[in-house]
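Here the structure comes first, spelled out in structure tokens, and everything after it is commentary.
Throughout, residue positions are numbered sequentially from 1 according to the sequence presented. Model, not experiment: these values are computed from the prediction.
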Amino acid sequence: MRESVRKLGLIGAGLWAMTEEKIDELVKDLVDKGDISKEEGKKVIQDMVDESKKQKVDLEKKISEKIQDSISKADVFTRKDMHELESRLRTLEEEIERVKNKEKMFFK
């Protein structure tokens with residue numbers, strides 16, 4: 001029983017890295033040894049799968065935030081920057097065309 005509790009503690013610590021298949025295998029082992037009932041096993045599996053998914057989402061969010069933070073600190077030219085620059089360029093091109101049209105009218 002003590003070993004089973006230790007395994008469950010280790011599972012909780014690294015749950016985000018576990019697959020549902022591995023969780024099923026570990027819980028089946030506990031049920032086979034008689035440490036927990038089948039009903040308890042089903043609940044443990046569902047709880048662990050849910051927690052695993054939550055931890056994966058949290059980890060992905062943290063990684064994404066770190067990447068965005070690193071990009072902003074690195075002063076990298078982003079897609080947003082490119083779109084803003086393209087917009088400014090279009091505005092300048094339009095202004096150049098207006099000036100050309102005025103010159104044509106003036107120098108006719």
Side-chain angles (χ1 to χ4, degrees):
M1 179 72 168
R2 186 172 216 170
E3 179 64 18
S4 300
V5 171
R6 188 185 75 75
K7 279 185 182 179
L8 287 174
L10 291 174
I11 290 169
L15 195 55
W16 64 269
M18 294 187 71
T19 64
E20 189 172 348
E21 183 179 303
K22 185 67 175 171
I23 293 169
D24 286 340
E25 181 182 311
L26 289 170
V27 172
K28 184 180 181 308
D29 183 46
L30 295 174
V31 171
D32 290 347
K33 288 181 182 179
D35 291 336
I36 60 174
S37 70
K38 282 187 179 183
E39 291 76 25
E40 289 172 321
K42 287 178 185 178
K43 179 158 179 21
V44 167
I45 289 171
Q46 188 59 51
D47 290 348
M48 293 174 81
V49 167
D50 291 346
E51 182 63 23
S52 175
K53 288 177 183 177
K54 180 185 173 292
Q55 287 183 13
K56 285 179 184 178
V57 168
D58 290 346
L59 180 62
E60 289 170 356
K61 181 180 175 186
K62 286 179 184 177
I63 290 171
S64 179
E65 288 170 355
K66 289 291 184 185
I67 290 171
Q68 291 301 319
D69 185 49
S70 296
I71 288 172
S72 67
K73 287 180 181 177
D75 201 25
V76 175
F77 191 76
T78 65
R79 198 172 280 166
K80 180 182 175 191
D81 295 332
M82 183 181 70
H83 292 303
E84 288 174 1
L85 194 55
E86 287 173 340
S87 175
R88 291 177 64 194
L89 183 59
R90 275 191 300 276
T91 303
L92 288 171
E93 288 172 337
E94 290 167 0
E95 184 64 28
I96 289 170
E97 284 301 311
R98 279 193 289 276
V99 169
K100 281 183 179 179
N101 289 335
K102 283 182 182 179
E103 285 179 353
K104 284 180 185 177
M105 289 176 49
F106 183 73
F107 291 111
K108 272 187 171 181

Answer yes or no: is there a donor N or O on one side and an acceptor on the other, between the side chain of S70 and the main chain of K66, under 3.5 Å?
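Yes.
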Is it the case that the side chain of D69 and the backbone of E65 share a donor-acceptor pair, with hydrogens and angles ignored and the cut-off at 3.5 Å?
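Absent.
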Taking salt bridge (charged side-chain N to carboxylate O under 4.0 Å, His left out) as the definition, give me every residue that meets it alongside [X], ordered by chain and number, with sequence neighbours left out.
X	value
D58	K54
E60	none
K28	D32
E95	R98

Between N101 and E97, is any side-chain donor less than 3.5 angstrom from a side-chain acceptor?
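Note: N101 and E97 side chains miss the donor-acceptor criterion.
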Any salt bridge (Lys or Arg N to Asp or Glu O under 4.0 Å) pairs touching residues 79-91, not counting sequence neighbours?
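Output for this query is empty, none listed.
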Applying side-chain contact (heavy atoms from CB on, under 4.5 Å), can you list everything that pairs with L89, at least two apart in sequence or on another chain?
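Partners of L89 by the side-chain contact (heavy atoms from CB on, under 4.5 Å) criterion, ordered by chain and then number, come out as E93.
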Rounded to the nearest 0.5 Å, what's the gap from CD1 on I96 to CD on E94? Could you check?
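The CD1 atom of I96 sits 10.5 Å away from the CD atom of E94.
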